[in-house]
Colleague: 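Let me begin by handing over the structure; questions about it come next.
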Amino acid sequence: METPEKLNFIEEIVEASIRNGEPRVHTRFPPEPNGYLHIGHAKSICLNFGIAKKYHGKCNLRFDDTNPVKEDTEYVDSIKADIRWLGFEWDGEYYASDYFEQLYGWAVELIKKGKAYVDDQSQEEIRTGRGTVTQPGTNSPFRDRSTEENLDLFARMRAGEFAEGTRVLRAKIDMAHPNMLMRDPLMYRIIHAEHHRTGDKWCIYPMYDYAHGESDSIERITHSICTLEFDVHRPLYDWFIEQLGIFPSHQYEFARLNINYTVMSKRKLLQLVQEKHVTGWDDPRMPTICGLRRRGYTPEAIRLFAEKVGVAKRDNVIDLGLLEWCAREELNRTALRRMAVLDPIKVVIANYPEGQTEWIECVNNPEDAEAGTRKVPFSREVYIERDDFMTDPPKKYYRLSPGGEVRLRYGYIIKCDEVLYDAQGHVAELRCSYDPLSLGGGSSDGRKVKGIIHWVSAPDAVPVQVQLFDRLFAVESPDEAPEGGTFLDNLNPQSLRIVTAQCEPSLAEAVKGDRFQFERLGYFCVDHSEIDPQPEGCAPVFNRIVTLKDSWAKIAGGEGK
RNA sequence: UGACCCAUGGUGUAAUGGUAACACAGCAGAUUUUGGUUCUGUUAUUCUAGGUUCGAGUCCUGGUGGGUCAACCA
């Protein structure tokens, strides 16, 4: 017997509609092609496509392209690629712009019914006429134009006789309505601009509120799922559908995703790109889908995240750590282990034969026996991590220190006999000795060492560039600008650190799409920009996707780095 | 001082009038050739005041707090 699955409130609504006799489930994901998708969209995508799949229904992809000045096919293409990468396929690809003629016809119908009128007021006059949230609006002097005049003017708007901003079509509802959206909302405005799909065919464009519900209706969407800020739009959504007597789609709202240390608004993400605070939409520090992809996140991890954050109506701020946890959850099972040293110090093993190379067998993935083993070269000189040695170690430090012993992972136990310093007093080199009987476990006298560290044979090491990322913003709520500043003042100046790491030789052959765990350091992938690709055949650059959980860092407090 | 939405551990999400639970985070321990993984244990929750009821996180009313709405954006 299956454990009963917990439903989110949208799924409950869907199941209720099925119980009430609605035979179909049809959702849609309706992005405006004016920017790149981000992790918040991923939540919506997982919800809409997930519900369609779960209830054997359909999910359309519809581009809400009603504002030609902001939209571009560049974004259409990236959105489609991102959805597919996330693992979803739409049942139909539609564009609001495909419905312009139908929408126009319905507008004419509303004019004829006395439910819409052409307003000649200026933008400023319309704004003041709308009143405020506490004061009712006032009727436009053009509100009671004759049907004939409205029809004529609207046709001439379409014909391009008027300049932008001179006339709009408005729904005639109620200028005193307590819901501002119902105070004779705009249906059409004049925009003399090239549309990325309809070209110059139109110079009047429908507003979101007029286009969205009708587009849902045309596609016979049963459950139109959107974010909370649209809930005040729902009466208007319903009003147009009811006036027109068309298929009754229904809108349901859920709380959008927020993540701490992250900004999610398209406007701010665009600003980060345009002002070059990041390298582009796919900068690995960006919360965009393409950024996360480049960073090395997998579709599975993002889907798991969407599942973990849940769906409700409460405003929420998810801990960035949860997203990282989702990445580790999968990568721990799947990523091959490799050794790399990010910040090397050289270790010379004085009693190891000069010129000798041993090939040591290392496990590729302890979580997956089928991943097998590989041989890694070992020699008299190795690199170890600077963090893995301390001249004056604190209590419970298991790593190397003067006179102390540590095991080189899969290799020998070494003992630190001497520390060499450079002119600045930094540790330059360690002189060690090894226990020849300790290879792969055990030791000459049965003693155990607690510490195990990763290493790379110095003469065999391959230097590669590694990009280490930290959160893009230094504060939990980056949207809250400091006194007199902007959200940009919250940027984390240390969000990117580039180092040259010394790697085991096999890593030189890594290609796009490869993901590894560098033992004890985290999960890494080969960097690859789709937007600005590097030439083929270059040495790989690695991105750190996420660190490993590090309980030593917690014990050591600020001592590590 | 309008309309609408929301309020459950630190963070999220369940509990559909009947024992407040799950995940992440935290803490403690076990295992471990990754201070990883895994396993075990554990800390901590119903905004407030009334009301209805045998019984309220759940229903009702008031309050408080948060959010959304006054683009010719979506």
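Every chain is numbered from 1 and lettered A, B, ... according to where its sequence line falls, protein lines coming before strand lines. Below, all heavy atoms of this structure are taken into account, side chains as well, without hydrogens, waters or symmetry copies.
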Colleague: Sort me out a list of protein N/O and nucleotides 38-47 of chain B N/O pairs below 3.5 Å, or just none if empty.
Modeller:
none

Colleague: A:Arg471: what forms a side chain to side chain donor-acceptor pair (under 3.5 Å) with it, not counting sequence neighbours?
Modeller: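 Result, side chain to side chain donor-acceptor pair (under 3.5 Å) vs A:Arg471: none returned.
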
Colleague: Hey, can you tell me if A:Trp202 and A:Tyr104 have their rings parallel, tilted or perpendicular (30° and 60° cut-offs)?
Modeller: tilted

Colleague: Mind running a 4.0 Å heavy-atom check of residues 228-237 of chain A against RNA chain B and sending the residues that fall below it, in number order?
Modeller: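 Under 4.0 Å from RNA chain B: A:Glu229, A:Phe230, A:Asp231, A:Val232, A:His233.
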
Colleague: Among B:C73, B:G35, B:G36, which is the nearest nucleotide to the side chain of A:Arg189?
Modeller: B:C73

Colleague: Listed by chain and number, what are the side chain to side chain donor-acceptor pair (under 3.5 Å) partners of A:Arg544, not counting sequence neighbours?
Modeller: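 A:Arg544: no side chain to side chain donor-acceptor pair (under 3.5 Å) contacts found.
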
Colleague: Would you tell me if any nitrogen or oxygen in the side chain of A:Arg62 comes within less than 4.0 Å of OP1 or OP2 on B:A74?
Modeller: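 Negative; the distance criterion is not met.
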
Colleague: In chain order, what residues pass the side chain to side chain contact (heavy atoms under 4.5 Å, CB included) check against A:Cys416, with sequence neighbours excluded?
Modeller: A:Phe389, A:Leu400, A:Val419, A:Leu430, A:Cys432

Colleague: Name all pairs fulfilling the salt bridge (charged side-chain N to carboxylate O under 4.0 Å, His left out) condition that reach into residues 126-136 of chain A, sequence neighbours left out, sorted by first residue then second.
Modeller: A:Glu124-A:Arg127

Colleague: Check side chain to side chain donor-acceptor pair (under 3.5 Å) between A:Glu32 and all other residues, then give those that pass, not counting sequence neighbours.
Modeller: A:Asn34

Colleague: Expressed in angstrom and rounded to an integer, what is the separation of A:Phe518 atom CZ from B:U34 atom P?
Modeller: 19 Å

Colleague: Within residues 63-76 of chain A, find the residues that approach RNA chain B with a heavy atom at under 4.0 Å, and present them sorted by residue number.
Modeller: A:Asp64, A:Thr66, A:Asn67, A:Lys70

Colleague: Return each pair, listed once, that meets salt bridge (charged side-chain N to carboxylate O under 4.0 Å, His left out) where at least one residue sits in residues 364-374 of chain A; pairs must be two or more places apart or across chains.
Modeller: A:Arg374-A:Glu504

Colleague: Under the side chain to side chain donor-acceptor pair (under 3.5 Å) test, which residues partner A:Glu307, sequence neighbours left out?
Modeller: none

Colleague: Please encode protein proximity along nucleotides 18-30 of chain B as a string of B, S and -, counting only heavy-atom distances under 4.0 Å.
Modeller: -----SSSSS---

Colleague: Treat a base pair as Watson-Crick or G-U wobble with both distances under 3.5 Å, then lay out RNA chain B in dot-bracket form, 5' to 3', with | for cross-strand pairs.
Modeller: .((((((..((((....[..)))).(((((.......)))))....(((((..]....))))))))))).....

